[in-house]
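Okay, structure first, notes after.
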Amino acid sequence: MTLKPPKPTFTIRQLNQIQALIITNPQPHILNPLLKTLTQSSNPQNAFLIYNQMLHHPLAYNHYTFTHALQACTLTHTHQKGLEIHASVIKCGHLHDLFIQNSLIHFYYVTRNDIFSAHKIFDSLLYPDVVSWTTIISGLSKCGFFREAIDMFAAMNVKPNCNTLVSVISACSGLGSLKFGKAIHGYSLRNFHEDNVILENAVLDFYARRGSPESARHLFVKMPKRDVVSWTTMIGGYVQRGFCEEAETEPNDATLVNVLSACSSIGALNLGQSVHSYINSRYGFWVSKLVGNALINMYVKCGEMGMAIQVFNMLQVKDIISWSTVISGLAMNGYGKQALQLFSLMIVNWVCPDDITFTGLLSACSHGGMVDQGLMIFKAMSVYKIVPQIQHYACMVDMYGRAGQLEEAEAFIREMPCEADGPVRGALLNACRIHGNERMFERNKQKLIYMKGVSTGTFALVSNTYASADRWEDANKVRKDIRSMRLKKKAGCSWIEMNTLVPEEKSENRAFQEIDSKRLHEI
DNA sequence: ATAGGGTTAG
């Protein structure tokens with residue numbers, strides 16, 4: 001359900017390639033980034049293989065190497081290996097590197113909750129920087145020493161940043177120190193103006209657990225960006241309060257819709273089902289259109305199409321949202337043919353499709369390999385006076401591409417009235433990768449750089465394609481491009497391709513919320 | 001290069 005790109009996975013063959021590289025080309029500035037990528041891959045243990053070998057070649061490593069190796073220990077909770085690395089650091093004379101010292105502090109409390117070793121290193125620092133302070137504060141807080149964490153924050157002699165505030169506010173939540181928490185919140189408002197979801201979530205959690213439900217709600221509504229954690233924090237509040245026993249604040253339709261959208265966005269089927277049975281027990285199997293649609297959406301997002309259709313059939317009044325949700329849901333869950341059948345039923349029932357309905361239909365065709373039908377549906381859009389938007393074009397390119405009709409896909413892009421953006425180009429590249437058309441891949445890859453709306457996922461696709469062809473220089477070059485671009489732009493979001501309910505490129509949960517409220521009010 | 005938020009529950 002979440003949209004985070006999956007961590008890369010390295011094959012044995014790729015690992016062998018890297019190991020060969022250590023012998024043939026032992027340069028830290030090439031090997032360290034690879035080590036880092038391995039550390040952050042789905043199997044961080046592999047980093048130790050490479051690290052061990054790097055350490056045997058005096059030319060292959062430098063002080064950067066140790067920070068990555070320590071991060072691998074932290075992620076895998078490998079205490080013994082970390083001690084060994086600590087010893088190597090001393091042996092190599094790098095113990096006075098602040099980056100390594102900070103990594104060691106982090107390592108000791110994460111792997112063993114070993115605050116004493118962590119503090120021993122921290123106390124030896126002549127000039128602890130903001131990272132050292134933040135690491136020690138978050139360490140104390142995570143071990144339950146909230147008071148001590150707050151005291152450390154008060155003792156800081158360098159300017160805290162957002163990360164520091166996150167750690168200290170979380171300590172305030174743990175301790176239940178209302179006064180201090182509010183003070184930190186005030187400080188963050190005065191000093192950090194750019195919005196930071198993580199900081200806002202930490203503040204939200206503080207008010208949800210220690211303030212009033214109203215204050216948390218107020219904050220939540222005003223957040224410029226909400227992610228899964230924001231929703232979870234709020235659900236936590238609702239669930240703790242309990243639906244049934246709360247005499248004063250009974251959930252209304254809006255509450256139920258909100259909680260159900262929260263369940264949808266994190267795929268919390270169990271919670272969603274309990275909300276459903278709560279609704280049944282209270283309203284006797286009758287649901288309003290608003291809540292009904294939210295229920296359908298929840299079941300769709302959790303992959304329970306049977307339940308989604310059951311609720312859909314029960315709905316007395318079905319509107320365009322109900323129909324489109326089920327159609328997109330069928331498409332998303334691999335029932336392309338059924339999606340088209342339901343569309344016919346919708347037309348027979350005199351419900352007029354809109355642009356979102358068509359995005360669902362086209363994605364049904366692309367995932368179901370139904371090129372002819374897709375083309376017909378695309379043409380049918382004009383009958384309903386709907387001008388194709390970029391997401392419709394992306395579906396078409398994806399449809400041709402998946403079916404192996406690469407020339408048609410490329411020609412389709414050429415004839416588009418608007419410029420091909422990241423998702424459109426990404427769909428084509430993905431098709432080239434699937435069908436192994438290297439020449440077309442190269443041709444279109446060039447156009448990605450400096451194009452707007454290209455998600456890092458698209459670049460990762462390019463890089464991984466090279467990596468799986470053992471073209472490491474090319475893969476690294478793309479990775480470098482990703483890094484340099486990150487400074488300039490926020491990562492795009494390819495949500496559209498996966499979830500046909502969203503009309504525009506926006507942050508996932510925001511889009512949910514806006515659609516639900518905007519469109520439900522129209523009715 | 002290193003540090004940051006939420007978590008179902010008998």
Side-chain angles (χ1 to χ4, degrees), chain A residues 1-2 28-29 31-37 39-40 47 61-75 85 89 94 97-110 118 121-122 125 128-142 149 152-153 156 158 160-174 184-185 188 192 195-209 216 219-220 223 225-240 259 262-263 265-275 483 509:
Chain A
M1 272 305 132
T2 48
H29 72 94
L31 297 171
N32 283 335
L34 285 168
L35 184 65
K36 186 186 175 172
T37 312
T39 297
Q40 290 162 356
Y61 71 91
N62 61 12
H63 47 298
Y64 285 55
T65 312
F66 297 109
T67 58
H68 298 135
L70 283 169
Q71 196 187 42
C73 297
T74 307
L75 286 170
I85 294 169
V89 166
H94 285 305
D97 183 301
L98 192 55
F99 283 86
I100 294 176
Q101 288 166 320
N102 289 343
S103 303
L104 278 168
I105 296 173
H106 191 219
F107 160 77
Y108 276 111
Y109 82 69
V110 171
I121 299 169
F122 182 81
L125 303 180
D129 65 5
V130 65
V131 177
S132 326
W133 284 102
T134 306
T135 308
I136 211 83
I137 290 169
S138 83
L140 285 167
S141 175
K142 285 198 173 126
M152 277 303 238
F153 177 77
M156 272 180 85
V158 291
N161 63 18
C162 277
N163 293 354
T164 326
L165 295 188
V166 168
S167 296
V168 75
I169 196 109
S170 140
C172 292
S173 307
I184 304 279
H185 182 205
S188 78
F192 299 99
D195 49 69
N196 177 331
V197 213
I198 297 184
L199 177 55
E200 290 194 333
N201 284 342
V203 174
L204 181 68
D205 179 56
F206 170 74
Y207 284 104
R209 280 162 65 190
L219 215 81
F220 182 74
M223 280 171 77
K225 207 174 150 191
R226 291 171 212 103
D227 68 0
V228 176
V229 176
S230 332
W231 284 105
T232 313
T233 305
M234 287 306 282
I235 299 177
Y238 286 122
V239 171
Q240 270 173 27
V259 178
C263 296
S265 59
I266 59 172
L269 179 60
N270 284 337
L271 193 59
Q273 278 171 330
S274 68
V275 174
R483 272 200 298 279
N509 294 314

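Chain identifiers are assigned alphabetically (A, B, ...) following the order of the sequence lines, protein sequences preceding nucleic acid strands; residue numbering begins at 1 within each chain.
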Item to complete: Among B/dG4, B/dG6, B/dT2, find the nucleotide with the atom closest to the side chain of A/Val131.
Response: B/dT2
Discussion item. On the nucleotide B/dA3, are OP1 or OP2 found under 4.0 Å from the side-chain N or O atoms that A/His106 carries?
Written reply: yes
Discussion item. Among B/dA1, B/dA3, B/dG6, which nucleotide has an atom closest to any side-chain atom of A/Asp205?
Written reply: B/dG6
Discussion item. Would the distance check show the side chain of A/Thr134 and the main-chain N or O of A/Val130 forming a donor-acceptor pair, the cut-off being under 3.5 Å?
Written reply: yes
Worksheet item: Given side chains that start at C-beta, do those of A/Phe153 and A/Ile184 come closer than 4.5 Å, heavy atoms only?
Response: yes
Item to complete: Could you pull out all residues at least two apart from A/Leu98 that satisfy side-chain contact (heavy atoms from CB on, under 4.5 Å)?
Response: A/Gln101, A/Asn102, A/Leu125, A/Asp129, A/Ser132
Worksheet item: Which of these passes side-chain contact (heavy atoms from CB on, under 4.5 Å) with A/Phe66: A/Asp97, A/Leu104, A/Ile100?
Response: A/Ile100
Worksheet item: Separation of A/Tyr109 atom OH from B/dA3 atom C1', in whole Å?
Response: 7 Å
Response to the item:
A/Val166 has its side chain closest, among B/dG6, B/dT2, B/dG4, to B/dG4
Worksheet, complete the sentence: The nucleotide from B/dA3, B/dA1, B/dG6 with an atom nearest the side chain of A/Arg209 is B/dG6
Worksheet entry | Separation of B/dG4 C1' from A/Leu140 CG (nearest whole Å) | 15 Å
Discussion item. Without decimals, in angstroms, what is the distance between A/Leu75 CG and B/dG4 P?
Written reply: 10 Å
Worksheet entry | Separation of atom CD1 in A/Ile85 from atom C1' in B/dA1, rounded to whole Å | 14 Å
Discussion item. So A/Thr135, base contact, sugar-phosphate only, or nothing? Heavy-atom distance under 4.0 Å.
Written reply: sugar-phosphate
Practice prompt. Take atom CG of A/Leu34 and atom P of B/dA1, then tell me their distance rounded to the nearest Å.
Written response: 14 Å
Worksheet item: How many Å lie between OH on A/Tyr64 and P on B/dA1, as a whole number?
Response: 6 Å
Worksheet entry | Sub-4.5 Å side-chain heavy-atom contact between A/Tyr64 and A/Lys36 | no
Practice prompt. Could you check which of B/dT2, B/dG6, B/dA3 has an atom nearest any side-chain atom of A/Ser103?
Written response: B/dT2
Fill in: Check: A/Asn161 side chain, B/dA3 base, donor-acceptor under 3.5 Å
yes
Worksheet entry | For atom CG of A/Leu125 and atom P of B/dT2, their distance in whole Å | 17 Å
Discussion item. Counting only side-chain nitrogens and oxygens, does A/Gln101 get under 4.0 Å of the OP1 or OP2 atom of B/dT2?
Written reply: no
Worksheet item: Just how far, in rounded Å, is C1' of B/dT2 from CZ of A/Phe66?
Response: 15 Å
